[in-house]
Amino acid sequence: MRFFWQLTLAKATSEAGNSFLYVAVPWALMQITGSGFLAVLSMAAQTTPYLLSPFLGAFIDRHDRRIAFAVAELVQFAAVAAIPLILAWHQVGLVFAALFVVGLGKAVSDATSHYGLIPALVPHDRLEQATGWFNAVQLLARLAGPALAGLTVAALGPSWALTIDAATFISTAVVAVTLPAVGAAGRADGQVPLLALLREGFAYFRSRRDLRWLSLVLALYNLGVGGLEPTLLTLGTGHWKWSSASLGLVLSGGAAAAALGAWLSSRTPAGNRNVRRRIGTWMAVSALGSVALLFTPPWVVASGFVVLCLGEGGFNATTMALRQQEIPAELSGRINTIIRTFIIGAIPLSSLLLGVTLSQSLPVPVLLPVTVSAVTAALLWARVGMARRPRTRALPFAGHAAADSLSEERPV
């Protein structure tokens, strides 16, 4: 478990740094352009690269996972370090280009650490517990990050906050190369053509109806919720006249609640006999919190955001452990990046949708899309996620067998 904790703490350092990015860039764009719409779109620029995830997944599966992770962290360092200079020149278009590169690095970093390195560094019977710990530590890093970022932006300006963020990627990359080598489960994927790897990944994904439904439900959830944080930053700055420190504290409260949800998920009994019910329960908590976002008082909105994050932390940790257990190690890069194409790929659309409601003058709550998507996703999961398990069937290629839905025998 020593290497697991090295990875967990290194990734948490990077996650805390990213909190500086999430606060500093929308704040700087509001100062430069006065446009709340552009501030919200900054999240879209960072998540659009996830639409390229299947190709990134093939890259991950062909290389040592620790090296892919280190390279991804260094790419993010270079892009974030360039943003203060770009902001000084008021080149808004180049800011979005740098954020796109950050997103590419983060897509590889997250898929590699979450679904390639952790299963290789943790005993199989402790994987679900370790995943809950991993998510809780990452979210605790986000707890401190926004508050520190808000204070840094208020005291020193967004450029210093971004410089601190850039430095965190260097430390994470150094730790990455000290981890044991993690290849592609003994397969010579480096000799397999890229298109063949992609076809194999898509064939496995098509054979797993449970993974397809999970992807659909979480994509629907992110269609509204994905752009929530930059929208709250914009509302706090433009409508509620909150300071950057106050906004940082609100985001930290959400991160604390998400960390609690992730930790509680690790305390539930392992095994996938009730995994669908556990996912549904956590999604219902998020949906309940989203309803509070429809009200006007800022403190009610902030409270609803915290409850939503509690549920999100719980179902993120549960579904992450599920995917680690259910997907073969040699396919983990491709399958998880395909899934993340749908889940994270919905965030740019969420940013556009919330940007539109933020800028319109009709008497419609700005955060209505968040409530609609969270409630609809919870109801859909209750409808399809609890359905009786159908028969299993073999994959359309040799070497693996998969079920249409979760096996009742294996722990998740």
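For reference, positions follow the sequence shown, starting with 1.
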| task | Before giving the answer on side chain to side chain contact (heavy atoms under 4.5 Å, CB included), spell out for T163 and F20 the whole-Å C-alpha distance, their side-chain angles and the decisive distance to 0.1 Å. | result | CA-CA 9 Å; T163 301; F20 282 62; over 6 Å; no
Heavy-atom closest contact ([X] atom, [Y] atom, distance):
{"X": "S286", "Y": "A374", "value": "O-CB, 4.5 Å"}
{"X": "T376", "Y": "V372", "value": "OG1-O, 2.6 Å"}
{"X": "R212", "Y": "F205", "value": "CG-O, 3.6 Å"}
{"X": "P328", "Y": "Y204", "value": "CD-OH, 3.3 Å"}
{"X": "L29", "Y": "S42", "value": "CD1-CB, 4.0 Å"}
{"X": "F305", "Y": "L293", "value": "N-CD2, 3.8 Å"}

Mind checking the [atom1]-[atom2] spacing from [X] to [Y]? Nearest 0.5 Å is all I need.
{"X": "L214", "Y": "F315", "atom1": "CG", "atom2": "CZ", "result": "9.5 Å"}
{"X": "L354", "Y": "L368", "atom1": "CG", "atom2": "CG", "result": "9.5 Å"}
{"X": "I335", "Y": "R340", "atom1": "CD1", "atom2": "CZ", "result": "14.0 Å"}
{"X": "Y22", "Y": "D165", "atom1": "OH", "atom2": "CG", "result": "8.5 Å"}
{"X": "L379", "Y": "R383", "atom1": "CG", "atom2": "CZ", "result": "12.0 Å"}
{"X": "Q6", "Y": "T178", "atom1": "CD", "atom2": "OG1", "result": "4.5 Å"}

With the side chain counted from C-beta on, respond yes when [X] and [Y] share a heavy-atom pair under 4.5 Å apart, and no when they do not.
{"X": "L228", "Y": "L308", "answer": "yes"}
{"X": "V108", "Y": "L104", "answer": "no"}
{"X": "Q46", "Y": "V25", "answer": "no"}
{"X": "I170", "Y": "L74", "answer": "yes"}
{"X": "R323", "Y": "I339", "answer": "yes"}
{"X": "V175", "Y": "T13", "answer": "no"}
{"X": "L260", "Y": "C309", "answer": "no"}

| query | Parallel, tilted or perpendicular: which fits the ring planes of F4 and F134, with parallel below 30° and perpendicular above 60°? | reply |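 If you compare the ring of F4 with that of F134, the planes turn out tilted.
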Check: [X] side chain, [Y] main-chain N or O, donor-acceptor pair, under 3.5 Å:
{"X": "S14", "Y": "K11", "result": "no"}
{"X": "R66", "Y": "V177", "result": "yes"}
{"X": "E73", "Y": "F69", "result": "no"}
{"X": "S171", "Y": "T168", "result": "yes"}
{"X": "T33", "Y": "M30", "result": "no"}
{"X": "N222", "Y": "I347", "result": "no"}
{"X": "S290", "Y": "A287", "result": "yes"}
{"X": "T172", "Y": "A10", "result": "yes"}
{"X": "S109", "Y": "G105", "result": "no"}

| Please walk me through it: do I327 and L211 pass side chain to side chain contact (heavy atoms under 4.5 Å, CB included)? | CA-CA 10 Å; I327 299 171; L211 296 180; 4.1 Å; yes
| task | Take F169 and N18 through the side chain to side chain contact (heavy atoms under 4.5 Å, CB included) test and state the conclusion after the steps. | result | CA-CA 9 Å; F169 294 114; N18 275 334; 3.4 Å; yes
| task | From the options L294, L232, T357, select the one residue that forms a side chain to side chain contact (heavy atoms under 4.5 Å, CB included) with L367. | result |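 Output: one option passes, namely L232.
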| field | Identified side chain to side chain contact (heavy atoms under 4.5 Å, CB included) counterpart of L162 within the set I86, T152, I83 | value |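 When side chain to side chain contact (heavy atoms under 4.5 Å, CB included) is applied between L162 and each of I86, T152, I83, only I83 qualifies.
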| field | Trace of the side chain to side chain contact (heavy atoms under 4.5 Å, CB included) decision for I118 with M320 | value | CA-CA 11 Å; I118 291 178; M320 179 176 164; 3.9 Å; yes
